[in-house]
Amino acid sequence: MRKIILDLAVTLDGFIEGPAGEVDWCIMDEEMDFSGFLSSIDTIFYGRVSYDGWGNFQPGEDATETDRVLWAAIHSKKKYVFSRTRHSDPDATFIHSDIVHQIQRIKTEGDSSGQKDIWLYGGAGLIGYFMAHDLIDVYRLSVHPIILGSGKRLFEQVDRTVSLNLVGSRTFNSGVIQVVYHKKDLS
């Protein structure tokens, strides 16, 4: 079965965005091999607000070729958007009811030989929902060397203990430390 991977950047003090939604503190460099991560997934889960902001984002004319390739890779993935309201978008499938069942169906659909994992992009509300229903298999967090002091916290909606196993960590020249944890029961 495919795994749901929470992969995102977080500040040292636990924020995923600044107070006005800013993410300009996020470091992206080739050493982090984000392209390698993208090649390991074929599906992205978004909350509606995150999808509105990034689901169809197109880099500007001044973007580098690397950024254009990265965004093309992101947009080549199948997109699911979890929303309380009904929306229509030809680039995404919107899910607004029977969420846990729908997620389990998506995780098991398709031919197992060609299946790739699923990226839980976020936002914080969707991440909290997935955590409350024990739906995240892998936590892949890139901790950035910055303290924001305020903004949107990654785990602000979590109200229980979640035990994890560390399966890897990497330190990059930029000062970013990436940690990868699996759920305790993930084989």
Side-chain angles (χ1 to χ4, degrees), residues 2-83 85 87-95 106 114-127 130 136 138-155 168-180:
R2 302 192 298 166
K3 294 183 290 298
I4 295 176
I5 302 169
L6 172 62
D7 178 271
L8 48 84
V10 60
T11 65
L12 186 60
D13 54 345
F15 294 100
I16 57 174
E17 322 180 330
E22 60 271 38
V23 293
D24 56 349
W25 50 267
C26 187
I27 300 167
M28 288 293 292
D29 63 39
E30 289 184 31
E31 183 186 18
M32 295 170 70
D33 192 25
F34 189 63
S35 299
F37 170 72
L38 288 176
S39 69
S40 74
I41 64 155
D42 61 8
T43 303
I44 304 174
F45 287 165
Y46 291 93
R48 188 199 47 81
V49 173
S50 292
Y51 182 74
D52 287 350
W54 299 103
N56 289 311
F57 175 82
Q58 295 298 323
E61 291 180 16
D62 60 339
T64 65
E65 184 60 24
T66 301
D67 283 346
R68 291 182 199 285
V69 169
L70 175 119
W71 282 102
I74 290 170
H75 293 318
S76 72
K77 311 302 179 185
K78 187 163 189 172
K79 300 174 186 178
Y80 290 91
V81 181
F82 296 85
S83 176
T85 57
H87 292 278
S88 177
D89 183 323
D91 297 324
T93 300
F94 282 75
I95 296 175
I106 294 165
Q115 288 180 334
K116 294 185 176 184
D117 291 324
I118 300 165
W119 178 15
L120 173 57
Y121 181 86
L126 185 62
I127 292 166
F130 273 62
I136 301 172
V138 178
Y139 294 77
R140 182 178 186 260
L141 305 176
S142 296
V143 181
H144 289 247
I146 189 166
I147 296 171
L148 288 183
S150 65
K152 185 175 285 185
R153 289 206 180 273
L154 172 56
F155 296 124
S169 64
R170 292 177 62 193
T171 303
F172 302 102
N173 291 329
S174 62
V176 172
I177 299 173
Q178 186 177 79
V179 292
V180 181

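Worth knowing before you read on, the calculation uses all heavy atoms, side chains too, and leaves out hydrogens, waters and symmetry mates. What you are looking at is a predicted structure, and each value in this text was computed from that prediction instead of being measured.
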Response to the item:
Here the gap from K3 atom NZ to S40 atom OG, rounded to the nearest 0.5 Å, amounts to 8.5 Å
Worksheet item: Are F37 and W119 close enough that their ring centers fall under 6.0 Å?
Response: yes
Worksheet item: Do you know the tightest heavy-atom contact between G55 and H75?
Response: O-CE1, 3.1 Å
Worksheet item: Heavy-atom distance under 4.5 Å between the side chains of R2 and D117, does that happen here?
Response: yes
Practice prompt. Specify the closest pair of heavy atoms between R68 and D62, including all atoms of both residues, with the distance to one decimal.
Written response: NH2-N, 4.5 Å
Fill in: Any side-chain heavy-atom pair of L141 and L154 under 4.5 Å
yes
Worksheet entry | Minimum side-chain heavy-atom gap I74-F57 below 4.5 Å | no
Fill in: Smallest separation among heavy atoms of L38 and A73, with atom names
CD1-CB, 3.9 Å
Practice prompt. Let me know which of F82, Y139, Y121 forms a ring pair (Phe, Tyr, Trp, His ring centres under 6.0 Å) with F130.
Written response: F82
Worksheet item: Can you find a heavy atom in the side chain of P145 that is under 4.5 Å from one in the side chain of V176?
Response: yes
Worksheet item: Would you say the side chain of T11 lies within less than 4.5 Å of the side chain of I147, judging by non-hydrogen atoms?
Response: no
Item to complete: Using atom types as modelled and distance alone, determine if a side-chain donor or acceptor of H144 lies under 3.5 Å from a backbone N or O of I177.
Response: no
Worksheet item: For the atom pair OG1 (T85) and CZ (R48), what is the distance rounded to the nearest 0.5 Å?
Response: 5.5 Å
Discussion item. For a quick test of reading the model, state the closest non-hydrogen atom pair linking L120 to L6 and the distance between them.
Written reply: O-CD1, 3.5 Å
Worksheet item: At their closest point, which heavy atom of G123 faces which heavy atom of S50, and how far apart are they?
Response: N-OG, 2.9 Å
Practice prompt. Mark yes or no for whether R153, through its side chain, and D13, through its backbone, hold a donor-acceptor pair below 3.5 Å.
Written response: yes
Practice prompt. Using a 4.5 Å cut-off on heavy atoms from C-beta on, say whether the side chain of I44 contacts that of W54.
Written response: no
Worksheet entry | From CA spacing to verdict: side chain to side chain contact (heavy atoms under 4.5 Å, CB included), I27, F172 | CA-CA 10 Å; I27 300 167; F172 302 102; over 6 Å; no
Practice prompt. Work out which heavy atom in A9 is nearest to a heavy atom in I16; give both atom names and the distance.
Written response: O-CG2, 3.7 Å
Item to complete: Please round to the nearest 0.5 Å and tell me the distance separating atom CD1 of I5 and atom OG1 of T43.
Response: 11.0 Å
Worksheet item: Which distance, rounded to the nearest 0.5 Å, do you find between the CZ of F34 and the CG of D7?
Response: 6.0 Å
Practice prompt. Mind checking the CG-NZ spacing from D42 to K78? Nearest 0.5 Å is all I need.
Written response: 9.0 Å
Fill in: More than 12 heavy atoms of other groups within 6.0 Å of K116 NZ
yes
Worksheet item: Do W25 and F15 have side chains that get closer than 4.5 Å, going by heavy atoms?
Response: no
Worksheet item: To the nearest 0.5 Å, how far apart are OG1 in T93 and OH in Y80?
Response: 5.0 Å
Discussion item. Tell me whether D89 is salt-bridged to K79, with the criterion being a basic N under 4.0 Å from an acidic carboxylate O.
Written reply: no
Item to complete: Before giving the answer on side chain to side chain contact (heavy atoms under 4.5 Å, CB included), spell out for F155 and V10 the whole-Å C-alpha distance, their side-chain angles and the decisive distance to 0.1 Å.
Response: CA-CA 10 Å; F155 296 124; V10 60; over 6 Å; no
